[in-house]
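Written out below as structure tokens is the structure these notes cover.
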Amino acid sequence: MRAVAALRAVKVRAPAKINLHLAVGATRPDGFHQLATLYQAVDLYDTVHARRDGSGAVTVTVADAAGDPVLGVPSDGSNLCVRAALLLRAHTGLTTTGVALHVLKRIPVAGGLAGGSADAAATLLACDALWRTGLDLEALLGLARRLGSDVPFALVGGTCTGTGRGELVTAQPAGPRLTWVAATSSRGLSTPRCYAELDRLRGRERARVAELPTALLDALRGDGAGLVDALLTTARNDLTPAAMALRPGLGELVRAGAQAGARLAMLAGSGPTVLFLGADRSHASRLAAQLLGRIDVDGVHLLTGPVPGAQRVG
Ligand code: C5P
């Protein structure tokens, strides 16, 4: 029998996500909110490089595409990648194997595009390959659920419904390719703050049930041709009033994109990224150029989806 050579390094990339619909229901006893969301993975990726560390240490460094440090991402034990590696290690009973993780960050931090969740999902896959722990998707999803609400989706990718607190994902037909412009801000918005603001705005209002519109699901499960029309009529992100209260300029940006010809303008997750749907890629490029000139826009990305979830690339 041939011995399996130990791997020294593994590279995994994981995609950003957008929510084609985000309905937020009642606050649960654990403080999380009931969600009904339609996730889609888009072609903006963080890449996690994992290198074996014989000392047993689990460490992380983070840099952007220019090699510069990234503000707002911790490099201690609170980093989601470190937590993911330690969780997988504890789950599999390994104790002495370490890993040096390096994250190449392209997904804006605290931008509403689930970049931290992508990094956690990529780390789970990378360490599973590096340490040859051979977990199946169900086991990885179980760990992902413990790391964050959006982490399971980052593993699966494509187009999925998300229920529970977002962590219960069910794959759906991919639907047609959609191209969005994401207008990003260098000042992130904290997701817990956004949910807390939503609670404050809702006050004593009766608890709501989060549901996805039947028209949206029917359009997706048919031949997909009606998806854009269904999106235009049902588009909703319940975090919008909260994000706009915390970042008053966002409403103006949404209006500007709609005036510039976007088919749809909506907040990405808990913001502050705003998404503008283009008719096609060249229309989206023109929209992006217009938005980039605005003082409240620090960057633009053309995002196309759906794409697969976390994948080994080296
Ligand atoms: O699950 P995750 O760690 O990504 O969530 C970050 C924060 O967002 C939570 O601590 C909570 O404040 C808020 N959240 C929520 N309801 C959800 C998902 C997230 O209140 N369904």
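Starting from 1, each residue takes its place in the sequence as its number. Every number for a ligand or one of its atoms is a count from 1 in the order of the listing. Source: prediction; values computed, not measured. Hydrogens, waters and symmetry mates are skipped; everything else that's a heavy atom, side chains included, is used.
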## Note on the structure
Closest heavy-atom pair, W131 versus G98, reported as atoms and distance to 0.1 Å, is NE1-O, 3.4 Å
### Query
Between H21 and T234, is there a donor-acceptor pair closer than 3.5 Å when you use the side chain of the first and the backbone of the second?
yes
### Query
Taking only residues two or more places apart in sequence or in another chain, which ones pass side-chain hydrogen bond (donor to acceptor under 3.5 Å, both in side chains) with T159?
Q40
### Task
Could you tell me whether the side chains of S149 and R165 share a donor-acceptor contact shorter than 3.5 Å?
yes
Mind listing the N or O contacts between ligand 1 and protein, cut-off under 3.5 Å?
residue	atom	partner	partner atom	Å
ligand 1	1 (O)	S149	N	2.8
ligand 1	1 (O)	S149	OG	2.5
ligand 1	16 (N)	H33	N	2.9
ligand 1	20 (O)	H33	ND1	2.7
ligand 1	21 (N)	H33	O	2.9
ligand 1	21 (N)	R165	O	2.9

### Task
Could I get the full list of side-chain contact (heavy atoms from CB on, under 4.5 Å) partners for A41, not counting sequence neighbours?
P15, F153, V307
### Query
Can you list every salt bridge (Lys or Arg N to Asp or Glu O under 4.0 Å) pair that touches residues 22-49, not counting sequence neighbours?
R28-D30, D46-K105
